[in-house]
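Chain letters run A, B, ... following the sequence lines, proteins first and then strands; every chain starts at 1.
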Amino acid sequence: MDEIGELRRTCYCNDIKDKQIGEMVTVMGWVDRIRDLGNLTFVDIRDRTGIVQVVISSDKKNGLHGKIKQLRSEYVVSVSGPLIERDAETYNPSLPTGKVEVAVEDIKILNTSLTPPFPMDSEISTSEETRLKYRFLDLRRNNLQRNMELRHRVTMEIRKELDENHFLEIETPILNKSTPEGARDYLVPSRVQKGSFYALPQSPQLFKQLLMVASFDRYFQIARCFRDEDLRADRQPEFTQVDIEMSFVQPEEIFELIENLLKKVFRLIGQEIETPFPRFSYDEVMNRFGTDRPDTRFGLELQDVSDCFKTTPFQVFRNIVADGGFIKGIVAPEGESYSRKEIDDLTAFVRLYGATGLVWIKSTDEGIKSSLPKIVPAEELESAAREVGLKPGQSCLLIAGKSKTVHESLSALRLHLAKKHNLIPPGKCNFLWVRDFPLLEWDEEDNRWIATHHPFTSPRDEDLDLLSTDPGKVKAKAYDVVLNGLEIGGGSIRIHRNSVQKKVFKALGIESEEAENRFGFLLRALRYGAPPHGGIALGLDRLIMMLAGEKSIRSVIAFPKTARAIDLMCEAPSEVDEKQLRELHIKIRE
RNA sequence: GGGGUCGUAGUUCAGCUUGGUUAGAACGCCGGCCUGUCACGCCGGAGGUCGCGAGUUCGAGUCUCGUCGGCCCCGCCA
C-alpha cells in the first residue's frame with residue numbers, strides 16, 4: 001500500500017476531457033473495472049464525476065506490472081501519466097471520456113477493499129435490505145450519487161431564490177416542548193429535570209410564528225422534522241421541510257412565491273412548468289375526485305347519482321341517501337366492461353378502503369343492466385345512466401355509503417383504474433392548489449372537533465361567527481400544493497389575534513387554562529403586536545423524489561430507515577446502558 | 001395493531017404446484033492464458049445453517065404452524 005504524500009490530484013475523472021492531450025494528469029478514485037489482456041491492462045477509474053480509462057502495458061519494464069496484478073474492485077488508487085488520445089477505432093462513444101485515456105506512468109494503491117457485497121453498477125438490481133445495510137456502498141452507486149447531487153442543487157436553488165426575496169434563514173430548536181396534538185412526538189428524556197421530556201419538532205410551526213412577531217417578516221428554514229408514526233414509501237420518521245413564513249401576506253402572494261420557486265427548481269431538471277397553477281376549493285376537489293390531493297393527469301371523475309335513488313324501493317340505497325350519504329360512481333375508461341373476476345378484484349380493492357360493496361350499471365343494446373337487485377326499477381337505472389353520461393357499451397362502477405367511505409374508496413379506485421388502463425401520461429406534471437379547507441373536523445372516536453390543519457390556522461373572516469354556531473361549516477385560510485396526486489406542501493394564514501385564537505381553542509374544546517399551559521408563550525406573543533402572517537412548508541424529500549423520478553422517498557435520503565423505523569446500517573435504535581437509564585431516571589418495564 | 005408479498009451461493013434468481021440420488025444457473029470471487037479492451041475473451045476452481053424454530057413424514061428447500069427481517073398497503077400520519 002502507498003501513501004498519498006505530496007501527490008496532488010490534478011482533476012476529476014470526468015473533467016479529463018477538458019484537458020490537453022499530452023498533459024500530465026493525476027486522477028484519484030476507485031477501481032471500477034479491470035480488463036487484463038495479459039501484457040496490456042485497462043483499468044476504469046471512477047470518482048463521483050465519472051469514469052476514465054487508464055492503460056498499462058508491461059513492455060516498458062517500469063515495474064507497474066506487479067502492482068497492476070494486485071488491483072481489485074474498489075481499491076482506492078492514484079494514477080499519474082500523460083493524457084493520450086485513443087485511436088479512432090477504439091473510441092468508446094458511451095463514455096464522456098471515451099476518446100482519451102491515461103497512459104499510466106505511476107500508480108499508487110492508497111487503500112484496498114473487500115469485495116463489495118453488490119456490484120457498483122446501479123443498473124444491477126440488489127435487494128433493498130442489502131443496500132441499506134451497506135448504505136455507504138449504495139451511495140457510491142450512480143443512482144444515489146445523482147439523487148444526492150440533485151438534492152444539493154435543489155436546496156441551493158431554494159436558498160438562493162429565497163435569499164433574493166429578502167428571506168432570512170433562521171434555525172429553531174430541536175429540543176422542544178411536547179404538544180400532544182396531531183402526530184406522535186419523538187421524546188427525549190431530560191437528565192437535569194427528572195421525569196420531564198423534550199419533544200423533537202414535528203415542524204417549526206410555533207417558532208416561525210414567533211419570528212414573525214419578532215418582526216423578521218420573511219423567514220425560511222430547511223428544517224428537519226420528526227414524527228413517530230408508521231412509515232410508507234413516501235413517509236420517513238425524520239424528513240425535511242422547506243419551512244416558510246411571511247408577514248403581511250394573503251394566500252395569493254404565497255402561491256406566487258411558491259410557483260416561482262417551483263418553476264426555478266424544475267428548471268434544474270430541464271422542465272418548464274406552467275404558472276399560475278389551477279386553484280380549486282376543497283369542496284370542488286372532494287366532489288370531483290374524492291380526495292384533497294387529486295391527480296388531474298387523467299379523467300375518471302366521480303359522478304354523483306344519489307338523487308336518482310332518493311325514493312328507490314331498494315332499501316339499502318334509500319337509507320344511505322336519507323342518512324346524508326352518497327351514491328357515486330366512475331364511468332369505466334373506453335367503454336370497458338369488466339369480467340366477473342375483474343369486478344371481484346375491484347370489489348376486494350375498494351373494501352380495503354372501507355367500502356362495503358361495488359355495483360355496476362351497464363348500457364347495452366337491450367337497455368340498462370346492473371348488478372343491483374331486481375326491485376330497482378328501470379327508470380332509476382336510466383336516470384342514473386343519464387346523470388353520469390353513460391354511452392352505449394359503457395359501464396359505471398358505483399359505491400354507496402357515508403361521504404368519507406365513498407370518497408376515499410372511489411378516489412383509490414380512480415387511481416387504480418388509471419394505472420390498470422395506463423391512463424397516466426408519462427412526463428406530465430400537474431400542479432394545483434387546493435384551498436378553503438374546513439377549519440375543523442368531527443372526530444368520531446373522541447366525540448369532539450379537531451383542527452384539520454393545526455389549531456393556529458386562521459378561519460376565513462366571513463366564517464368567524466360560525467365558530468360558535470356551526471363549527472363544521474367554518475372554512476380555513478389553508479391551502480395545499482399538489483403535484484400529480486402527491487401533497488408536496490401545505491400552509492395557511494395564521495391567527496394573529498389573541499381573541500381569535502381563544503375562540504378557536506374554545507371550539508376545539510381546549511379550556512383557557514389548558515391553552516395557557518400548552519401554548520402560553522404563543523398567546524402571550526399574540527398580545528404584543530403580532531402582525532398578520534402566514535406561510536407554507538414544502539416536503540423537500542417528496543419534491544426531490546418527484547424530480548428524480550423515484551418511487552420511494554428513501555432514494556433521495558442519504559441514510560433512510562426501514563418500514564419498521566430501523567437503520568439497518570447502524571442498527572439504531574438500540575438498547576442503552578443501565579447507567580444511562582439511571583441518569584435519565586428511566587426504568588424499562590418488562 | 002392488521003393484510004399482502006418476498007427470504008435458497010458474495011449478488012440476482014430457478015427449484016416449492018405434485019416431498020425422494022450429490023440443491024442448479026448467471027454475474028461476482030480465486031487461479032491460469034491472452035497487446036486495444038471497455039459487460040473483454042478462453043480454460044479451470046472454490047463457494048450453501050435453503051432466514052430462524054417447532055411439527056407432519058421413513059424422508060422437508062418443497063407441506064403445516066410459529067417467529068424474525070425487507071418491501072407494499074390499511075389503520076396511524078397531513
Got [X] and [Y] here, is their nearest side-chain heavy-atom distance under 4.5 Å?
X	Y	value
Lys404(A)	Phe326(A)	no
Leu261(A)	Leu538(A)	yes
Val27(A)	Ser78(A)	no

Paired nucleotide for [N] [Watson-Crick or G-U wobble; both distances under 3.5 Å]:
N	result
G59(B)	none
G24(B)	C13(B)
G53(B)	C65(B)
G41(B)	C33(B)
U5(B)	G70(B)

d([atom1], [X]; [atom2], [N]) in whole Å:
X	N	atom1	atom2	value
Ile34(A)	G28(B)	CD1	C1'	13 Å
Asp36(A)	C43(B)	CG	P	17 Å
Phe42(A)	G41(B)	CZ	P	14 Å
Ile553(A)	C72(B)	CD1	C1'	15 Å
Arg564(A)	G2(B)	CZ	P	11 Å
Leu114(A)	U11(B)	CG	P	14 Å
Tyr134(A)	G70(B)	OH	C1'	15 Å

Under the 3.5 angstrom rule, does the side chain of His416(A) hit a backbone N or O of Ala412(A) as a donor-acceptor pair?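 Here the side-chain-to-backbone pair does not exist.
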
Lys/Arg N to Asp/Glu carboxylate O, Asp480(A) vs Arg435(A), below 4.0 Å: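 Not counted as a salt bridge, because no side-chain N and carboxylate O are separated by less than 4.0 Å.
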
Closer than 4.0 angstrom, basic N to acidic O: yes or no for Glu238(A) and Arg227(A)?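 Answer for the salt bridge query: no.
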
For nucleotides 12-14 of chain B, list the nitrogen or oxygen atoms of the protein found under 3.5 Å from its nitrogen or oxygen atoms, one pair per line.
residue: U12(B); atom: OP1; partner: Ser127(A); partner atom: N; Å: 2.5
residue: U12(B); atom: OP1; partner: Ser127(A); partner atom: OG; Å: 3.1

If only side-chain N and O atoms of [X] are considered, is one of them under 4.0 Å from the OP1 or OP2 phosphate oxygen of [N]?
X	N	result
Arg35(A)	C40(B)	yes
Arg72(A)	C30(B)	yes
Ser73(A)	C29(B)	yes

Just the table, please: protein N/O against nucleotides 73-78 of chain B N/O, every pair under 3.5 Å.
residue: C73(B); atom: OP2; partner: Ala233(A); partner atom: N; Å: 3.3
residue: C74(B); atom: OP2; partner: Arg232(A); partner atom: NE; Å: 3.0
residue: G75(B); atom: N7; partner: Arg232(A); partner atom: NH2; Å: 2.8
residue: G75(B); atom: O6; partner: Arg232(A); partner atom: NH1; Å: 2.9
residue: G75(B); atom: O6; partner: Arg232(A); partner atom: NH2; Å: 3.1
residue: G75(B); atom: N1; partner: Asp230(A); partner atom: OD2; Å: 2.6
residue: G75(B); atom: N2; partner: Asp230(A); partner atom: OD2; Å: 3.1
residue: C76(B); atom: O2'; partner: Glu229(A); partner atom: OE1; Å: 2.5
residue: C76(B); atom: O2; partner: Arg235(A); partner atom: NH2; Å: 3.1
residue: C76(B); atom: N3; partner: Arg235(A); partner atom: NH1; Å: 3.4
residue: C76(B); atom: N3; partner: Arg235(A); partner atom: NH2; Å: 2.8
residue: C76(B); atom: N4; partner: Arg232(A); partner atom: NH2; Å: 3.4
residue: C76(B); atom: N4; partner: Arg235(A); partner atom: NH1; Å: 3.3
residue: C77(B); atom: O2; partner: Arg235(A); partner atom: NE; Å: 3.4
residue: C77(B); atom: O2; partner: Arg235(A); partner atom: NH1; Å: 2.6
residue: C77(B); atom: N3; partner: Arg235(A); partner atom: NH1; Å: 3.3
residue: A78(B); atom: OP1; partner: Ala183(A); partner atom: N; Å: 3.1
residue: A78(B); atom: N1; partner: Asp292(A); partner atom: OD2; Å: 3.1

Need one value for [X]: base, sugar-phosphate or nothing, where a base atom within 4.0 Å counts as base even if backbone is also close, heavy atoms only.
X	result
Glu101(A)	base
Arg33(A)	sugar-phosphate
Arg554(A)	sugar-phosphate

cation_pi(Arg414(A), Phe298(A)) dist<6.0 Å, angle<=45: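 Checked: cation-pi criterion met.
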
If a pair satisfies side-chain hydrogen bond (donor to acceptor under 3.5 Å, both in side chains) and one of its residues is in residues 116-130 of chain A, list it, with sequence neighbours excluded.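 Listed once each, the pairs are Ser127(A)-Thr130(A), Glu128(A)-Arg554(A).
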
What pairs of residues pass the side-chain hydrogen bond (donor to acceptor under 3.5 Å, both in side chains) test when at least one of them lies in residues 285-296 of chain A, not counting sequence neighbours?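 Residue pairs with at least one partner in residues 285-296 of chain A: Glu284(A)-Arg288(A), Arg288(A)-Glu301(A), Asp295(A)-Arg297(A), Thr296(A)-Asn430(A).
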
Going by number, which of residues 89-98 of chain A have a non-hydrogen atom under 4.0 Å from RNA chain B?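 When residues 89-98 of chain A is checked for heavy atoms under 4.0 Å from RNA chain B, the hits, listed by number, are Thr90(A), Tyr91(A), Asn92(A).
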
Could you check whether the rings of Tyr282(A) and Phe437(A) sit parallel, tilted or perpendicular, using 30° and 60° as the cut-offs?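 Rings of Tyr282(A) and Phe437(A): tilted, 30 to 60°.
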
Sequence-distant partners of Lys477(A), salt bridge (Lys or Arg N to Asp or Glu O under 4.0 Å), two or more places apart: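 Scan of Lys477(A) (salt bridge (Lys or Arg N to Asp or Glu O under 4.0 Å), adjacent residues dropped) gives Asp461(A).
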
Evaluate Glu74(A) against Arg46(A) for salt bridge (Lys or Arg N to Asp or Glu O under 4.0 Å), listing each step before the verdict. CA-CA 9 Å; Glu74(A) 299 307 307; Arg46(A) 187 193 70 241; 2.8 Å; yes

What about the rings of Tyr219(A) and Phe207(A), do their centers lie closer together than 6.0 Å?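 No, too far apart.
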
